[in-house]
Amino acid sequence: MATWNVNSVKQRMPRLLGWLDERQPDVVCLQETKLADDAFTTLLGGELASRGYETALYGEVQWNGVAILSKVGIEDVVTGVAGAPGFPNPEARAVAATCGGIRIHGLYVPNGREPDSDHYQYKLAWLKALTQVVADGPADQIVCGDMNIAPTDADVFDPAAFAGSTHVTPAERQALADLMAAKGLRDVVRERWPDEQVFSYWDYRAGMFHQNLGMRIDLTLATENVASRVKAAWIDRQARKGTGPSDHAPVIVDLDTAPDGDIGPMIPPPSAPRAKKRPTTLPQNR
DNA sequence: ATGTCCCTGTAACAGGGA
């Protein structure tokens, strides 16, 4: 499964379709689609259906917008977060569905803008309501998306550069910690890369991506049942390169098809045939 | 520090959001 803030699904369509064909995820959570549901379906419905995806959409005309794409079923769809405030009206920032037996929450958490602003208070209240929804949910859950919070100082390129800014304040980090504690959620990408700089967002401006001056604010959090099935977890930086990228990279998590141990080891036994060595005469790929 | 990109509305730019 994967989560990706695409920053306009209309602008990102060629990149998104190519990426789906390349990575072939079973479930994808999209954020900042910036498209009403009827326009989303007109634009992408056929392309997604031909690839085997069903969709759960919660969009708006101009801002925000979230979606879940799934090849493994999409049941009990819920849009929005029960009990969450609007700003002042409800915004399209959350969609949940059960896909392949896992309750998936695809989220675009409010930005917060400035500490102690109305929008910042909205962000904290919204996260508190989300925490209750997740706490009331089943044992198999994934909470993912653009959380607009860097969990620790290791998740920003320079903590000093973020002094006085949102995304790193103690209150935001505490709200995230409370959300994780409510259901024992694990940050599966950080667990896989405990000592690496792994960013998911780089500002478009000033060559930030080129210099790897980014933040890790797109998270995949999993309950114990699901986290124990994780076989790989990474941020797909390739998708941030080249022409017409989003400012966010996708986060990809591979799950075993059954709880750990049920289908045997993933590493082939020594007797398994090895892949042929590549001939050394191939031209260098540069 | 605000150099980019994306949206809408209104008209080939302004203003908001990230």
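First the proteins, then the strands, lettered A, B, ... as listed; each starts at 1. Computed from heavy atoms alone, side chains included, the values below leave out hydrogens, waters and symmetry copies.
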Student: Restricting to non-hydrogen atoms, name the atom on A:Thr3 and the atom on A:Gly145 that form the minimum distance, rounded to 0.1 Å.
Tutor: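 In this case the closest contact between A:Thr3 and A:Gly145 is OG1-CA, 3.3 Å.
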Student: Determine the interatomic distance between P on B:dT2 and the same-named atom on B:dT8; round to the nearest Å.
Tutor: 28 Å
Student: Using the C1' atom as the point on both nucleotides, what is the distance between B:dG15 and B:dT10, in whole Å?
Tutor: 12 Å
Student: When you measure from the side-chain N and O atoms of A:Arg113 to the phosphate of B:dG16, is any distance below 4.0 Å, counting only OP1 and OP2?
Tutor: no
Student: Is it true that a side-chain atom of A:Thr223 and a backbone atom of A:Gln141 form a donor plus acceptor pair closer than 3.5 Å?
Tutor: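 Pair found, side chain donor or acceptor close to backbone of A:Gln141.
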Student: Can you find a side chain N or O atom of A:Gln62 that sits less than 4.0 Å from OP1 or OP2 on B:dG9?
Tutor: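 False: A:Gln62 side-chain N/O out of range (4.0 Å or more) of B:dG9 OP1/OP2.
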Student: Is A:Lys71 atom NZ crowded by more than 12 heavy atoms from other residues, nucleotides or ligands, each under 6.0 Å away?
Tutor: yes
Student: Nearest whole angstrom, please: distance from the C1' of B:dT4 to the CZ of A:Phe209.
Tutor: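 Result: 15 Å.
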Student: The side chain of A:Asn111 is closest to which nucleotide in this list: B:dC7, B:dA18, B:dT8?
Tutor: B:dA18
Student: Can you tell me how far P of B:dT4 sits from CZ of A:Arg240, to the nearest Å?
Tutor: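 So the two atoms are 13 Å apart, to the nearest Å.
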Student: How long is the line joining CE of A:Met208 and C1' of B:dT2, in whole Å?
Tutor: 10 Å
Student: In whole Å, what is the span from the CG atom of A:Asp247 to the P atom of B:dT2?
Tutor: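 In whole Å, B:dT2 P lies 19 Å from A:Asp247 CG.
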Student: Would you mind telling me which residue lines up with the more 5' stretch of DNA chain B, A:Lys10 or A:Pro110, judged by nearest nucleotide?
Tutor: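 Its nucleotide being nearer the 5' end, the pick is A:Lys10.
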Student: Between P on B:dA18 and CZ on A:Phe162, what's the gap in Å once rounded to a whole number?
Tutor: 16 Å
Student: Quick one: closest heavy-atom pair of A:Tyr53 and A:Pro25, and the distance?
Tutor: OH-O, 2.5 Å
Student: In whole angstroms, how far is the P atom of B:dC5 from the CZ atom of A:Arg205?
Tutor: 11 Å
Student: Just checking A:Phe157 against A:Phe162, ring centres under 6.0 Å apart?
Tutor: yes
Student: Students often get this wrong, so: under 4.0 angstrom with heavy atoms, is A:Tyr108 touching a base, only sugar-phosphate, or nothing?
Tutor: sugar-phosphate
Student: Find which nucleotide of DNA chain B each of A:Asn148 and A:Asn7 is nearest to by heavy atoms, and output the residue with the more 5' nucleotide.
Tutor: A:Asn7
Student: Compare the minimum distances between each of B:dC7, B:dC5, B:dA18 and the side chain of A:Trp63, then state the nucleotide with the smallest one.
Tutor: B:dC7
Student: What is the distance, to the nearest angstrom, from the CE atom on A:Met13 to the P atom on B:dC6?
Tutor: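 So the CE-P distance, A:Met13 to B:dC6, works out to 14 Å.
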Student: Round to the nearest Å and state the distance from A:Phe87 atom CZ to B:dG17 atom P.
Tutor: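 To the nearest whole Å, that distance equals 8 Å.
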Student: What nucleotide, of B:dA18, B:dC6, B:dC7, holds the atom closest to the side chain of A:Arg12?
Tutor: B:dC6
